[in-house]
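Read through the structure below, which is laid out as structure tokens, and then see the notes.
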Protein chains: 2
Amino acid sequence: MAPSPEALDLGALVTAIEDFNTHFIRLPSVRRLSFSTLSVLHTLARRGPMRLTDLTATEQLKQPALTSLVAKLERDGLVSRRPDPRDGRAVLLTLTEEGAQIVRSRHAERVTRVARLVEHLDDDERAALAGYAAVLTRLTEIAARLDDQKLDD
Amino acid sequence: MAPSPEALDLGALVTAIEDFNTHFIRLPSVRRLSFSTLSVLHTLARRGPMRLTDLTATEQLKQPALTSLVAKLERDGLVSRRPDPRDGRAVLLTLTEEGAQIVRSRHAERVTRVARLVEHLDDDERAALAGYAAVLTRLTEIAARLDDQKLDD
DNA sequence: CACAGTTACATCGAATATTGATATAAATGC
DNA sequence: GCATTTATATCAATATTCGATGTAACTGTG
């Protein structure tokens, strides 16, 4: 059964994203930080202060692994922990300036990389690219909304 | 839609890709396979049979880690090893059908996910997305070309 | 307020992954 | 041939992750 006539080939799109990510993700891992560690820093940078348990939902780690990972991040001065004023059991995790700086520098590194690639595009391709950030952002919003709905089980 | 130079905000684009990937990458890890393991399977699926040393260039693992990872993959029946007929020291790694199946099923899972998101887009947004795959593929080609040039150091 | 149940996080021990240093075996160059 | 380089393997040390379990704080019911 052929899908609708508008030529949106999802298989090709997903393949393109997968292959692009191979080049997009693999930065020279600056400070010997693991993938899990960087993911935690990224999440805290995007969502602001969070509790440990909230992180277990977004990161693919169990709570004991997160406890020790966060302990290490605190020792290294990338994250600070303080008691949640609303709940004596909980801990609020916040990026330190140094932790935020790592996330920013990785972002900057990616911008530099992508800039080097975009130089080689022609004007049409570059113009096309200009519109995609908005659509991707929309997709991310939709994904977040669907994820939230799932939590209501 | 005037093609002005300011139209392409790389910072916003990179942020959008970073955030989208948060939802795109994190699949329910099917078979208790690590990120490194999945990356090796993906690389072998894309590039065909490779030597261990060639993999150390694309994966972010040292050679001893790859040796043991590949040994495990062979035990699990996802990769087969045979001597390189052109070089008695080397080993050629090939995906087995079962290994290829894992890569395909993860791809299919992503397609399903993205399809659920795309349902919520309007026609304009969907049309914009349709061109995205081609430009991303171009960027990936350019990145691969630049990487190859760097190897000539 | 007492108390049972739940939630948030910490701790411990076992299993697994990763790394650096180094060994072995095959290929290459002179 | 012999020295050098290359491809992979092995080993010991460290790091990561998990399951099980402990402790303290919160919640709801009566």
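Here is the naming used below: chain letters follow the sequence lines, and residue numbers restart at 1 for every chain.
- Side-chain proximity of L52(B) to the nucleotides dA8(C), dA9(D), dT19(C) is greatest for dA9(D).
- One can place CD of E59(B) at 16 Å from C1' of dT19(C), the figure rounded to the nearest angstrom.
- A salt bridge links E97(B) with R104(B): the distance from a Lys NZ or Arg NE/NH1/NH2 to an Asp or Glu carboxylate oxygen falls below 4.0 Å.
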Polar pairs (N or O, both sides) under 3.5 Å between protein and nucleotides 21-25 of chain D?
| from | atom 1 | to | atom 2 | distance (Å) |
| --- | --- | --- | --- | --- |
| dA25(D) | O3' | G88(A) | N | 3.4 |

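- In terms of position on DNA chain D, the residue among S36(A) and D54(B) whose nearest nucleotide sits closer to the 5' end is D54(B).
- If you measure from atom CG of L61(B) to atom C1' of dA17(C), you get 9 Å, rounded to the nearest angstrom.
- Between the two ends of the helix from dC1(C)-dG30(D) to dC30(C)-dG1(D), each summarised by a five-pair axis, the helix axis turns through 30° (rounded to 10 degrees).
- Rounding to the nearest 0.5 angstrom, the gap separating the OG1 atom in T58(A) from the CG atom in L61(A) is 9.0 Å.
- At whole-Å resolution of the value, NZ in K62(B) and C1' in dT22(C) are 16 Å apart.
- Evaluation of the side chain to side chain contact (heavy atoms under 4.5 Å, CB included) rule for V14(A) yields E18(A), F24(B), H107(B), R110(B), V111(B), V114(B) as partners, not counting sequence neighbours.
- For the pair L33(A) and T37(A), the tightest heavy-atom approach, listed with the atom from each and the gap, is CD2-CG2, 4.0 Å.
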Item to check | Test log, rule side chain to side chain contact (heavy atoms under 4.5 Å, CB included), inputs V40(B) and L66(B) | outcome: CA-CA 9 Å; V40(B) 166; L66(B) 260 179; 3.9 Å; yes

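- In the hydrophobic clustering, where aliphatic and aromatic side chains (Ile, Leu, Val, Met, Phe, Trp, Tyr) are joined below 4.5 Å either directly or transitively, F35(A) groups with F35(B).
- The other residues sharing a hydrophobic cluster with I25(A) are I25(B), where clustering joins ILVMFWY side chains under 4.5 Å apart.
- For the salt bridge (charged side-chain N to carboxylate O under 4.0 Å, His left out) condition, the pairs that include at least one residue of residues 62-79 of chain A, sequence neighbours left out, are E74(A)-R81(A).
- Here T53(A) does not reach the OP1 or OP2 of dT7(C): none of its side-chain N or O atoms lies under 4.0 Å away.
- The shortest heavy-atom contact between T140(B) and F20(A) is OG1-CA, 3.3 Å.
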Only pairs under 3.5 Å count here: list side-chain donor-acceptor contacts from residues 127-138 of chain B, not counting sequence neighbours, and write none if there are none.
| from | atom 1 | to | atom 2 | distance (Å) |
| --- | --- | --- | --- | --- |
| T137(B) | OG1 | A133(B) | O | 2.8 |
| R138(B) | NE | E125(A) | OE2 | 2.9 |
| R138(B) | NH2 | H120(A) | O | 3.4 |

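- Rounded to a whole Å, the CG atom of L33(B) is 15 Å from the C1' atom of dT17(D).
- Remark: L117(B) CG to E141(A) CD distance equals 11.5 Å, nearest 0.5 Å.
- E59(A) and S36(A) are not linked by any side-chain donor-acceptor pair at a separation below 3.5 angstrom, with hydrogens and angles left out of the test.
- Regarding F35(B), its CZ atom lies at a distance of 11 Å from the P atom of dT18(C), rounded to whole Å.
- The structure places CG of L95(B) at 8.0 Å from CG of L78(B), a figure rounded to the nearest 0.5 Å.
- Atom C1' of nucleotide dA8(C) and atom CE of M50(A) are separated by 14 Å, given to the nearest angstrom.
- E98(B) is linked by a side-chain hydrogen bond (donor to acceptor under 3.5 Å, both in side chains) to R31(B), counting only residues two or more places apart in sequence or in another chain.
- Within residues 75-84 of chain B, no residue has any heavy atom under 4.0 Å from DNA chain C.
- Taking the side chain to side chain contact (heavy atoms under 4.5 Å, CB included) definition, one finds that S105(A) meets it with Q101(A), sequence neighbours left out.
- Look at R51(B) and D87(B) and you find a salt bridge, because one of the NZ, NE, NH1 or NH2 atoms lies within 4.0 Å of a carboxylate O, short of that distance.
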Below 3.5 Å is the cut-off: list the nitrogen or oxygen pairs between protein and nucleotides 1-4 of chain C, distance only.
none

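- Note: CZ (R86(A)) to C1' (dA8(C)) measures 16 Å, nearest angstrom.
- For residues 65-74 of chain A, proximity to DNA chain C is found at T67(A), defined as any non-hydrogen atom under 4.0 angstrom from a strand atom.
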